[in-house]
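Along the sequence shown, residues carry numbers from 1.
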Amino acid sequence: MKYLSTALALCPLFLLGLIQSATASPPNVIIFYVDDLGWQDAQIHDIDDPCPYETPNMVKLAEEGMVFTQAYSPAPTCSPSRAGIITGQHPAKIKLTHVDLGSMPAGRTTERLVAPYLQSHLDLDLMTLADAMKQNGYRTGHAGKWHVGLTAASFGFDFVNQTRGVHRGMDDRTKDFATADHPTYPLSKQKYPPLSEKKPDGISYPFDEVTQSAIDFIDESKQEPFFLNLCHWMVHWPVLTRNGELLEYYCDKLGHPFPPPPGDMTREGQQNPYFAAMTTTVDWSLGRVVDFLKQTDDPRSPGKKLIETTYIFFTSDNGGAEIRGKEIISDNAPLKYGKKHPEEGGIRVPMVVTGPGIASGSRFDGLVNQLDYFPTILELTGASIAPENFDALSGLDISPVLMGESQAINDRSGKERTHLFWHFPHNGPLAMKSAIREGDYKMYRRYDSNDYELYRLYQDGQRLDLEEQNDLAKNPEFASVVQRLAAKLNSELAANDAERPYLNPAFKEKTKAAAQIASASFDASNRRATLAVDDTGPSVKEAYVIYGGASQESPLSKEEQKEKKRLERKLQRRGQASEAAKTDSSVDQTTELLGMKFPAEIDSDGRSISAEIPKGISTYRFLFVDANHFLHHSETQNAK
């Protein structure tokens, strides 16, 4: 059973009376999720040097609700953060800690450790926020980037549009701009900010399918409570814009020629006009959605507009991306590093929440995580799920803070939150770390060197080492802090069954013996696959079979490629009137199996492993861990 029905049992709801007094019927919920928007990429916090990217709608949203100055994503990359929000469970707990879903980890000969294998999609047995809201009478919609495998339609969403919208690649980013009569991206007749001497009435914006599909979903769903997961592909790479007027505005502002010359943007700091244009385009999208809510009557609450009955959670999936190749994208300073690192620059994100009962211009300086969204949204909407599902959630209900009833985030026993933790066993020695934040301190467990780093970000409420430059881990004065935080971090990792890095059998300087694959076979009569390891090396301690392998066993014909693309487009768009939504409740069962990890049988002496390969599966691989903790995988084998 995927999850328990609310008819069986209900989770406790402490603030339901307060919420219902603020809105007569169940409120709507929108998560507005930006991709790779750093903490310093919006004019919300803006410490040290002023942010040159103009985000007036983000600023206005912050003025109308609560700003969280120390908000964090669940991970420093997008897939685990998205999985964390949608399931409410820590990425370490659900074994989805990076973006390389279904890709076999390949360690370099110079690297001692190798990352765990990540399954090809989010576990279908997990309850999602969409499942929970749908159970409670909500219409559910997803627009934009999904990126946790399969499609959003497989995880509880009634309406799905996963297309890229205006953020698609261009042949030449210096000149291939949208026009008024462009067949896909026609420029708007209405003018929007920014205003300038050249354009005193504002500029036009290209049509964006992601934004429009979100507005269409709201309009079609307003007769009932709705939950919208709006996830922009921007401001992720590629760094480009189809809005020539907006690019010209930023070229003028930042001192670039227009059009910019071909090639990489290499000025240091926040001086990339393409990235600036993307950031303002996302801000424009936010403004369009909020304006629609402000202008549209709520048919369920006579006399009110939708903005009065809707909660908006605005944030980013991880910290900002700073560089790709030679192109300097943006700058997270004063925060250290960026995306793909568990340091502050990789996980601290902008966050604003608005809605019924939330005071305008309010602010919270405590630690908050996007994992808190799931239990908070349940409380704000009066939704119920079974206790077993509620107990699985990793975050805490922050609605008392939102409603001004508390200055602290507490668990169900009333104990105040003291810390947050992250687990990122990926991306090589520099990034392969677990981290914990408690009070003024941030500590890292480095897996490659098997030691700790400790930084004091604040002291007595004042910024001290936000840049994480002064490592205190070896300072005797802070030995007790290291010991305390190490114990808490290791306890969290154990409680969440976090999968840590493995030894890399390809490492040329390894000091332990690694198992060697001796043979592999497949018996077509009973569809039994077998792999044996050499008797002279370590035995097998843990083994899995992965269906489908990592590569296509034979190239697709042109016709097959066309059909595959047609089906993919069909799954990307599944709206209210779509026939696909009526006939394809999810992708087929075989597709759901591909790239997933299933336990394999290990013989009594640990020298061979085997598994039965289901019919319909054409290829497979074995993945196993030997007694010396090396991670191995076989080559792709044909199941025939």
Side-chain angles (χ1 to χ4, degrees), residues 10-16 18-19 27 29 31 33 65-75 80-94 126-129 132-133 136 227 311-315 317 347-349 351-355 357-358 362-423 435-439 442 485 488-489 491-493 495-496 498:
L10 305 178
C11 69
L13 299 171
F14 301 109
L15 294 177
L16 182 55
L18 177 62
I19 305 306
V29 177
I31 295 176
Y33 212 38
M66 180 172 286
V67 175
F68 292 81
T69 61
Q70 298 194 69
Y72 290 93
S73 61
S81 292
R82 293 164 195 273
I85 277 192
I86 208 65
T87 65
Q89 298 192 47
H90 200 288
K93 185 178 179 181
I94 59 177
L126 296 172
M127 171 177 262
T128 68
L129 183 52
M133 301 311 289
N136 284 272
F227 164 57
Y311 288 100
I312 301 174
F313 290 73
F314 172 88
T315 190
D317 61 350
I347 56 174
R348 192 182 282 212
V349 292
M351 178 176 159
V352 176
V353 183
T354 65
I358 301 175
S362 52
R363 165 176 164 156
F364 182 70
D365 295 322
L367 302 182
V368 65
N369 193 294
Q370 292 166 2
L371 297 173
D372 300 330
Y373 286 11
F374 200 131
T376 301
I377 289 170
L378 291 179
E379 189 69 41
L380 291 174
T381 60
S384 302
I385 59 175
E388 289 83 353
N389 301 132
F390 192 78
D391 290 343
L393 301 179
S394 300
L396 300 178
D397 170 25
I398 66 170
S399 60
V401 167
L402 290 171
M403 296 300 149
E405 296 294 310
S406 175
Q407 295 301 309
I409 297 174
N410 301 319
D411 63 19
R412 280 180 283 171
S413 67
K415 187 177 180 181
E416 185 175 350
R417 165 178 279 162
T418 60
H419 65 277
L420 298 172
F421 86 99
W422 297 266
H423 181 59
I436 184 169
R437 171 78 197 278
E438 181 186 69
K442 181 86 175 286
L485 294 184
K488 287 189 176 183
L489 177 58
S491 176
E492 290 283 19
L493 295 173
N496 286 272

Next on the checklist: Keeping Arg417 on the side-chain end and Leu367 on the backbone end, is there a donor-acceptor pair under 3.5 Å?
Outcome noted: yes
Checklist entry - Hey, what do you get for CG (Asn410) to CG (Asp397), rounding to the nearest 0.5 Å? => result 10.0 Å
Checklist entry - How close do Ser399 and Leu380 get, heavy atom to heavy atom, and via which atoms? => result CB-CD2, 3.9 Å
Checklist entry - How far apart are the closest heavy atoms of Ala435 and Lys442, and which atoms are they? => result CB-CE, 4.0 Å
Checklist entry - What is the ring orientation for Phe364 with Phe68, classed by angle as parallel under 30°, tilted 30 to 60°, or perpendicular over 60°? => result perpendicular
Checklist entry - Taking atom types as modelled, is there a side-chain donor on Ser73 or Asp317 under 3.5 Å from an acceptor on the other? => result no
Checklist entry - So, do Thr354 and Phe314 sit near enough that their side-chain heavy atoms are less than 4.5 Å apart? => result no
Checklist entry - Do the side chains of Glu379 and Met403 get nearer than 4.5 Å, heavy atoms only? => result no
Item to check | Donor-acceptor under 3.5 Å (Lys488 side chain, Phe421 main chain) | outcome: no
Checklist entry - Does the side chain of Val29 reach to within under 4.5 Å of the side chain of Thr381, using non-hydrogen atoms? => result yes
Item to check | Backbone of Ser384 reached by a side-chain donor or acceptor of Asn136 within 3.5 Å | outcome: yes
Checklist outcome for this item: Here the gap from Leu371 atom CG to Leu420 atom CG, rounded to the nearest 0.5 Å, amounts to 8.5 Å
Checklist entry - For the atom pair CG (Asp372) and CZ (Phe313), what is the distance rounded to the nearest 0.5 Å? => result 9.5 Å
Item to check | Ile85 and Tyr33: CA distance, side-chain angles, deciding distance, side-chain contact (heavy atoms from CB on, under 4.5 Å) verdict | outcome: CA-CA 10 Å; Ile85 277 192; Tyr33 212 38; 3.5 Å; yes
Checklist entry - Is a side-chain donor or acceptor of Asp391 paired with a backbone partner of Glu388 at a separation under 3.5 angstrom? => result no
Item to check | Heavy-atom donor-acceptor pair, Asn496 side chain to Ala498 backbone, under 3.5 Å | outcome: no
Checklist outcome for this item: Between Met127 and Ile385 the two heavy atoms that sit nearest each other are SD-CG2, 3.8 Å
Next on the checklist: Could you tell me if the side chain of Val349 sits less than 4.5 Å from the side chain of Gln370, heavy atoms only?
Outcome noted: yes
Checklist entry - Taking the side chain as C-beta and beyond, is there a heavy-atom pair between Asn389 and Phe374 under 4.5 Å? => result no
Next on the checklist: What's the separation between atom CD1 in Ile436 and atom NE2 in His419, rounded to the nearest 0.5 Å?
Outcome noted: 4.5 Å
Next on the checklist: Here's a test for you: under side-chain contact (heavy atoms from CB on, under 4.5 Å), which of Pro74, Ser81, Ser394 qualifies with Asn369?
Outcome noted: Pro74
Checklist outcome for this item: Value for OG1 (Thr376) from CD1 (Ile409), rounded to nearest 0.5 Å, stands at 7.5 Å
Checklist entry - For the atom pair CD1 (Ile398) and CD1 (Ile377), what is the distance rounded to the nearest 0.5 Å? => result 9.0 Å
Checklist entry - Quick one: which of Val368, Thr315, Leu393, Ile86 gives a side-chain contact (heavy atoms from CB on, under 4.5 Å) with Tyr373? => result Thr315
Checklist entry - Between Glu492 and His90, do the side chains contain an N or O donor and an N or O acceptor separated by less than 3.5 Å? => result no
Item to check | Close side-chain approach of Arg437 to Ile347, heavy-atom, < 4.5 Å | outcome: no
